Structures are given as C-alpha cells and as structure tokens.
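All values reported here derive from a predicted model rather than from experimental measurement.
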Amino acid sequence: MKFIIIGGGQDGIIFSYLISKLNGAEGEILINKKKSTLTNYYLPVKEIGSFVKEENYKFIEEFITSYNPNYVINTAAISSTKECNNKSLLAYEINTNFVQKLANFSKNKTYKLIHLGSSLEDQERPNCTYTNTKKLATNYILKTNNPNAICFKLPNHESPLRDERFFMRELINIFQKRIFYNNDLTINLIDGTVKREWTWAPHLLKILLEAIIGENHKVNYKDISQSLTLTEFALCTANIFNLRDIKIYCEKSGFINYKDEEIPFIDEKTCSWIKKLILTKKCDMYNLKKWCFSEFN
C-alpha cells in the first residue's frame with residue numbers, strides 16, 4: 001500500500017508517523033519547504049517549493065503518476081485563522097484552487113485523493129477566510145461528483161506540533177510557564193465564547209487513516225471529541241493542573257474569574273490528552289515516539 005502526503009504541517013507529520021507503523025505500507029511526503037530538519041518526518045521527504053507555482057504543481061502531477069500511489073492525502077493548507085485573514089489571496093490559492101486542481105487530476109485515476117475539510121464549514125462564519133476557503137474546496141469536490149476525491153470534515157484537533165502561527169501554541173506556552181517556572185497565568189482572548197469540537201490529533205488521524213484504508217467515508221467524531229469554548233478549554237486545563245489563580249480576559253465578554261465559573265465536565269480521554277498536550281515540552285514536540293500514540297481503542 002502506497003501513500004503520498006502533500007504538506008508537512010501537523011497532519012502531514014502525524015500521518016507520516018502512523019503510515020510508518022503500518023505493515024507493508026510505504027510513502028513519501030511532498031513539502032513546500034523545510035521548516036525543520038528531515039528527522040521530523042517518518043517517511044522520505046521531497047522539498048518542491050511553493051505549491052502555487054505552476055512548474056511545482058506540474059512536478060506534483062508527474063510525481064503522483066510515476067509513484068503510482070493508492071492514496072494521496074492532501075494536508076497542505078493555511079490553517080491559522082489569523083494567517084488566512086492576513087494572507088487571504090494565498091489562502092484561496094492553497095486552500096481552494098490547489099485542492100480543485102488535485103481533484104481534477106484525480107479523475108479516472110487509480111488512486112483516491114483525500115481532502116481534509118473542516119467541521120467549521122457547517123457553521124455560519126462569513127468573516128472567516130479559513131472557513132470560506134475550505135468550504136469552497138469541499139463544495140467543488142461534492143459538486144463535481146468525483147468518486148476518486150473523498151472529503152472528510154475534521155473537527156478541531158490539537159497536538160504539541162502547533163507552532164507560533166496558532167493560538168494553541170501560545171496557550172501551551174502560557175500553561176507551561178506557570179507549571180514549569182511558576183510564572184503568572186494570564187490569558188487574553190479575542191473571542192472565547194464560540195463552541196468548537198476538540199480532539200487529540202493522533203487519535204483522530206489514526207481513526208481517519210483506518211477509515212481511508214477501510215473505504216469508510218463517514219466517520220463519527222462525536223465519540224472522540226469534546227465540545228468546549230476556548231474559555232472553557234482554558235478553565236478545564238487550569239482545573240486539571242489545580243491552577244486556581246488563572247486570569248482570563250476576553251475582548252468579547254470581559255474578565256473571567258475562575259472562582260465564579262462552573263468548570264465544564266470533560267471525560268477521562270479528553271483529560272488525558274490535554275495533560276499530554278501541555279506537558280510535552282517544545283524540545284520534544286517532534287519526538288512523536290514520546291506522545292503520538294492512542295490509548296483509546
């Protein structure tokens with residue numbers, strides 16, 4: 001069984017680890033540029049430059065043809081909401097147009113293209129460039145009715161691999177400074193009121209990989225996700241580590257006092273992966289052998 005992974009972000013790295021553990025599986029990763037050393041990946045890597053350049057995209061098509069994979073998993077995307085808003089034209093090029101090209105090329109081929117959409121597409125978020133670009137890509141694949149292009153709308157999924165483009169890295173850093181160095185625990189949020197589904201990325205992608213191989217194109221994420229606002233996530237994390245002095249300021253709802261808030265219930269699975277998320281130091285973020293496994297079967 002042969003895989004091509006396009007994109008070297010969080011999902012690409014975790015998929016490379018999971019595929020490397022499959023008996024008889026092989027694969028390669030095509031990345032834009034080396035954001036870190038090759039030892040961060042668990043499959044051979046090809047650096048091809050910007051995906052939006054026509055000559056680089058042609059190389060992708062030629063490589064897919066010559067490699068003859070069973071599956072092409074596209075993880076290439078601008079996923080940070082802030083980065084999407086700041087680079088909206090590039091976001092549409094990568095998150096929408098690039099996906100449409102891949103989908104068109106997959107027609108009448110022998111492999112399956114796996115497109116990773118977002119559950120946020122089902123929410124009304126007119127001012128969110130990320131959501132809009134992902135929705136356009138998903139709708140295009142569904143409209144063209146291409147049996148070789150499969151869409152999975154994934155809930156929010158986190159791991160220590162988040163970098164500074166994402167607020168989750170900032171949140172991890174804040175809690176780590178309090179736990180490891182006893183610094184102040186102050187969190188500033190733009191909007192902590194919107195509910196989202198939270199999942200542990202290794203567990204989610206393991207289930208997704210099994211679904212891809214088993215040709216199960218409908219996955220129920222409710223059993224593995226927890227619905228929380230960003231404020232609730234921060235409060236739950238503080239509660240897990242018995243940190244009562246947390247200070248949260250939300251631009252939308254003002255100051256939040258830990259003592260005045262009812263801490264939402266989270267199940268044991270969620271509690272376990274949040275601990276792993278926070279306690280994995282940044283120097284170990286690429287050491288997937290330490291944290292990239294699932295206790296939940």
Side-chain angles (χ1 to χ4, degrees), residues 1-36 38-79 90-118 133-134 136-154 205-206 208-217:
M1 190 176 300
K2 299 170 71 174
F3 295 83
I4 291 176
I5 300 172
I6 302 176
Q10 170 188 261
D11 292 356
I13 294 172
I14 294 175
F15 269 129
S16 76
Y17 178 79
L18 296 174
I19 291 169
S20 74
K21 300 298 181 184
L22 291 175
N23 290 331
E26 60 181 270
E28 296 220 20
I29 306 178
L30 307 181
I31 65 171
N32 182 333
K33 59 182 178 180
K34 297 185 182 75
K35 294 177 181 174
S36 47
L38 290 178
T39 56
N40 295 339
Y41 301 93
Y42 294 80
L43 294 172
V45 175
K46 289 189 182 297
E47 181 183 11
I48 64 171
S50 171
F51 295 152
V52 301
K53 289 186 177 180
E54 189 61 27
E55 61 268 28
N56 295 341
Y57 174 72
K58 288 299 181 184
F59 173 83
I60 292 174
E61 289 188 346
E62 291 168 2
F63 184 78
I64 291 173
T65 301
S66 63
Y67 192 74
N68 192 27
N70 300 96
Y71 303 100
V72 174
I73 304 176
N74 179 42
T75 70
I78 298 182
S79 302
L90 183 60
Y92 278 98
E93 284 292 333
I94 295 292
N95 296 359
T96 303
N97 297 340
F98 180 64
V99 176
Q100 291 177 355
K101 288 181 179 180
L102 290 175
N104 289 338
F105 186 69
S106 72
K107 291 179 181 178
N108 303 316
K109 301 295 194 302
T110 58
Y111 66 87
K112 291 288 191 292
L113 171 70
I114 308 301
H115 166 62
L116 305 183
S118 169
T133 57
K134 299 294 279 187
L136 284 171
T138 297
N139 288 347
Y140 180 82
I141 289 175
L142 296 177
K143 181 180 178 181
T144 54
N145 197 27
N146 179 2
N148 286 343
I150 313 300
C151 297
F152 290 92
K153 292 183 183 179
L154 304 186
L205 298 185
K206 177 175 177 286
L208 183 60
L209 186 60
E210 291 169 350
I212 291 169
I213 295 171
E215 297 189 2
N216 172 21
H217 300 156

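- From E28, atom CD reaches atom CG of L30 across 7.5 Å, with rounding to the nearest 0.5 Å.
- The nearest pair of heavy atoms linking E47 to N32 is CG-O, 3.6 Å.
- Checked against I4 for a side chain to side chain contact (heavy atoms under 4.5 Å, CB included), the options N70, I73, I64, L43 give a single hit: I64.
- For the ring pair (Phe, Tyr, Trp, His ring centres under 6.0 Å) test with F3, the passing option among F15, Y71, Y67, Y42 is Y71; the others fail.
- Residues K109 and N148 come closest through the heavy atom pair O-ND2, 3.0 Å.
- A heavy-atom distance below 4.5 Å is found between the side chains of I60 and I6.
- Between N40 and V45, every side-chain heavy-atom pair lies at or beyond the 4.5 Å cut-off.
- One finds the CD1 atom of I212 at 12.0 Å from the NZ atom of K112 (value rounded to the nearest 0.5 Å).
- Contact of the L113 side chain with the N146 side chain is not registered, since no non-hydrogen atoms from C-beta on lie closer than 4.5 Å.
- Considering CE of M1 and CD1 of I213, their distance stands at 5.0 Å, rounded to 0.5 Å.
- Salt bridge absent: E62 and K58 never bring a charged side-chain N and a carboxylate O closer than 4.0 Å.
- Contact record, S16 with I29: CB-CD1, 3.4 Å, taken as the closest heavy-atom pair.
- Annotation: the span from L18 atom CG to L22 atom CG amounts to 7.5 Å, rounded to 0.5 Å.
- When every heavy atom of V52 is checked against every heavy atom of L90, the shortest pair comes out as CG1-CD1, 4.2 Å.
- Residues I5 and I19 have side chains in contact (heavy-atom distance under 4.5 Å, counting atoms from C-beta outward).
- Judged purely by atom type and a 3.5 angstrom limit, N95 has no side-chain atom pairing as donor or acceptor with the backbone of K134.
- Note: Y111 and F105 have tilted aromatic rings, judged against thresholds of 30 and 60 degrees for the angle between ring planes.
- For the pair Y92 and L136, the minimum side-chain heavy-atom distance is below 4.5 Å.
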Any chance you could lay out the side-chain contact (heavy atoms from CB on, under 4.5 Å) test for Y140 and T96, step after step, and finish with the verdict? CA-CA 9 Å; Y140 180 82; T96 303; over 6 Å; no

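- The two residues V99 and H115 come nearest to each other via the heavy atoms CG1-ND1, 3.6 Å.
- By the 4.0 Å N-to-carboxylate-O rule, E54 lies close enough to K101 to be salt-bridged with it.
- No more than 12 heavy atoms of other residues, nucleotides or ligands sit less than 6.0 Å from atom NZ of K53.
- Using a 4.5 Å heavy-atom cutoff, the side chains of K107 and N104 are in contact.
- Across all non-hydrogen atoms, the minimal contact from D11 to L116 is OD2-CD1, 3.8 Å.
- With values rounded to the nearest 0.5 angstrom, Y41 atom OH is found 12.0 Å from I14 atom CD1.
- To the nearest 0.5 Å, atom CZ of residue F51 and atom CG of residue L102 are 9.0 Å apart.
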